[in-house]
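Okay, so here's the structure we're looking at.
Chain naming here is simple, since letters A, B, ... match the order of the sequence lines and numbering starts at 1 in each. Just so it is clear, the structure is predicted and the values come from calculations on it, not from any experiment.
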Amino acid sequence: MKTSMPFIAVIGFALLVGGTALGQSADEALTVEIDVYSGRPNPKVTLTPAELAGLGRKIRSLCTAPDVATQPKKPYPSVLGYRGLHIARSSKAGTAHSMSLARRTVHFAKDNAPLVCQDVMQKAAGALYVDDANGELERLLIELAHNKGVISDDLYQFIVVELNAN
Amino acid sequence: MNAKRIQIALLFSFCVLMPQIARAQTEIQSSISGKLIRWETNGNITLNGACFGGVTSLPTGEVVTLWPGKGVAKNGNLYFTGALNFNSVSFSDDIVVRSGGTTLASISPTGVLNLKGKCNDTAGCSNTTWEPSKWNDGGFTQSNNNCYNYGNDKITNTFAQPGKASGQQWTVISVDNVKAAALRDGLRWVDWNFPGNTYDCGDGHLIFMTIAPNFPPNGDYHWMRLDQTKGVWSHKPGGGSATNLDNSNATITNPLTANRGLYTQNGGFYCTCGSLANIN
């Protein structure tokens with residue numbers, strides 16, 4: 001399993017700027033569930049503080065994008081095969097759904113959004129949806145799960161093919 | 001029609017048997033754990049809303065020994081082909097119903113009917129309806145309930161696994177293993193063939209299982225259910241939305257012919273008991 005250069009760059013940059021500057025809290029944890037199976041449990045990966053810090057700027061850029069919407073352009077997929085990512089946020093207050101990513105659409109839950117977006121979500125009337133035109137965050141998270149051995153090589157290849165097809 | 005009373009004794013805790021008696025000429029009434037048992041004028045013995053899943057291990061068409069005649073197990077029911085005379089309060093010998101070496105039921109010479117099996121109250125069993133809003137919240141409920149939850153129409157928020165609730169979850173994905181695990185949970189076997197969209201489970205509703213043997217790295221399974229009020233099938237792929245469309249965006253009128261992607265193997269049709277299904 002190889003770590004791609006873009007992923008290293010994102011993590012490295014974030015470590016340089018520091019997570020706290022982006023609003024992460026030491027007690028915040030994001031768990032990414034790769035929604036690919038129908039019956040058996042899906043693979044999950046919990047981001048380390050460094051990984052979370054590395055992705056904070058990207059997540060922030062999405063929830064502050066100028067074209068956020070209150071309705072998704074496309075609903076979350078309901079097909080058999082790879083569908084997307086569910087992200088749960090854990091903090092002192094507990095664990096709850098935070099985000100989902102699928103088909104280049106990122107959904108931010110009104111409550112329990114990642115800390116870097118909570119100021120934005122507090123002002124929002126409800127959930128927000130934003131286009132991630134290249135599916136960059138989704139790809140980064142899939143790659144991270146692969147690099148950490150959470151998903152096998154053949155499952156990673158299967159997901160990449162489906163990502164590219166959609 | 002004269003009423004006759006037959007005492008019911010349970011060998012262990014509860015019972016399950018829904019035998020249909022040929023050429024019934026009388027009516028019996030007694031109680032099973034407070035439930036009414038009634039021999040109806042159409043020849044059926046009805047355990048009134050009391051029992052589900054107790055004889056699920058009987059394969060379709062299996063012949064069981066019934067003295068002095070024979071019985072046939074089909075779809076979880078026992079069909080008696082011999083004449084039983086409940087007008088008589090005594091018999092010359094025990095009438096014993098067996099499946100293999102297991103005694104399922106017996107009628108003693110004094111008229112005591114003993115039934116063996118597991119019994120769940122089926123008062124809440126019903127056909128399912130297409131109600132996606134119950135599942136598609138885009139968040140917690142949707143991501144924590146899978147196809148097995150949806151197929152059984154029961155939210156557990158555990159991404160339920162066949163066999164887990166009954167103590168032995170599947171280990172390796174295969175038709176045989178997932179089928180066996182589901183039967184341990186109390187689902188009733190129906191058939192490998194499509195039984196049609198008007199098939200009546202009696203208590204509960206019809207569901208279908210399929211296997212994706214080549215889903216990397218170790219395969220996966222999937223369940224679909226018949227929403228009989230509309231006569232079409234729906235399903236919930238993992239943490240995705242509940243839908244009544246297949247992978248080709250077509251309405252599912254027969255799950256065997258629907259586009260199921262990698263889920264190509266037929267895992268058979270079953271009946272399940274809705275919100276009372278034993279899953280986790």
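- Taking chain A as the reference chain and counting heavy-atom pairs below 4.5 Å, the highest number among Ala160(B), Ala242(B), Gly261(B), Gly138(B) is found for Gly138(B).
- Rounding to the nearest 0.5 Å gives a distance of 11.0 Å between OH of Tyr37(A) and CZ of Phe159(B).
- Here the CG atom belonging to Asn144(B) is positioned 7.0 Å from the CD atom belonging to Glu33(A), to the nearest 0.5 angstrom.
- Taking chain A as the reference chain and counting heavy-atom pairs below 4.5 Å, the highest number among Gly139(B), Pro217(B), Pro162(B) is found for Pro217(B).
- Interface residue Phe158(A): only side-chain heavy atoms are found under 4.5 Å from chain B.
- Your options are Asp246(B), Asn149(B), Asn218(B), and the one with the most heavy-atom pairs under 4.5 Å with chain A is Asn218(B).
- Contact annotation for residues 61-81 of chain A against chain B (heavy-atom separation below 4.5 Å, listed by residue number): Tyr76(A), Pro77(A), Ser78(A), Val79(A), Leu80(A), Gly81(A).
- Per-residue counts of heavy-atom pairs under 4.5 Å with chain A were compared for Ala212(B), Gly219(B), Gly151(B); the largest is that of Gly219(B).
- Remark: the backbone N or O of Ser241(B) is not paired with any side-chain donor or acceptor of Arg83(A) at under 3.5 angstrom.
- Among residues 38-45 of chain A, the residues having any heavy atom closer than 4.5 Å to a heavy atom of chain B are, in sequence order, Ser38(A), Gly39(A), Arg40(A), Pro41(A), Asn42(A).
- Within the 4.5 angstrom heavy-atom criterion, no atom of Tyr148(B) approaches chain A.
- Distance check: Asp154(A) CG to Phe215(B) CZ gives 10.5 Å after rounding to the nearest 0.5 Å.
- Atoms NE2 and CD, from His86(A) and Gln142(B) in turn, are 5.5 Å apart once rounded to the nearest 0.5 Å.
- For Thr105(A), the side-chain contact (heavy atoms from CB on, under 4.5 Å) partners are Tyr129(A), Asp131(A), not counting sequence neighbours.
- If you tally non-hydrogen atom pairs under 4.5 Å between each of Pro216(B), Gly240(B), Cys147(B), Ser143(B) and chain A, the highest count goes to Pro216(B).
- Listed by first then second residue, pairs satisfying disulfide (SG to SG under 2.5 Å) with a partner in residues 132-166 of chain A number zero, not counting sequence neighbours.
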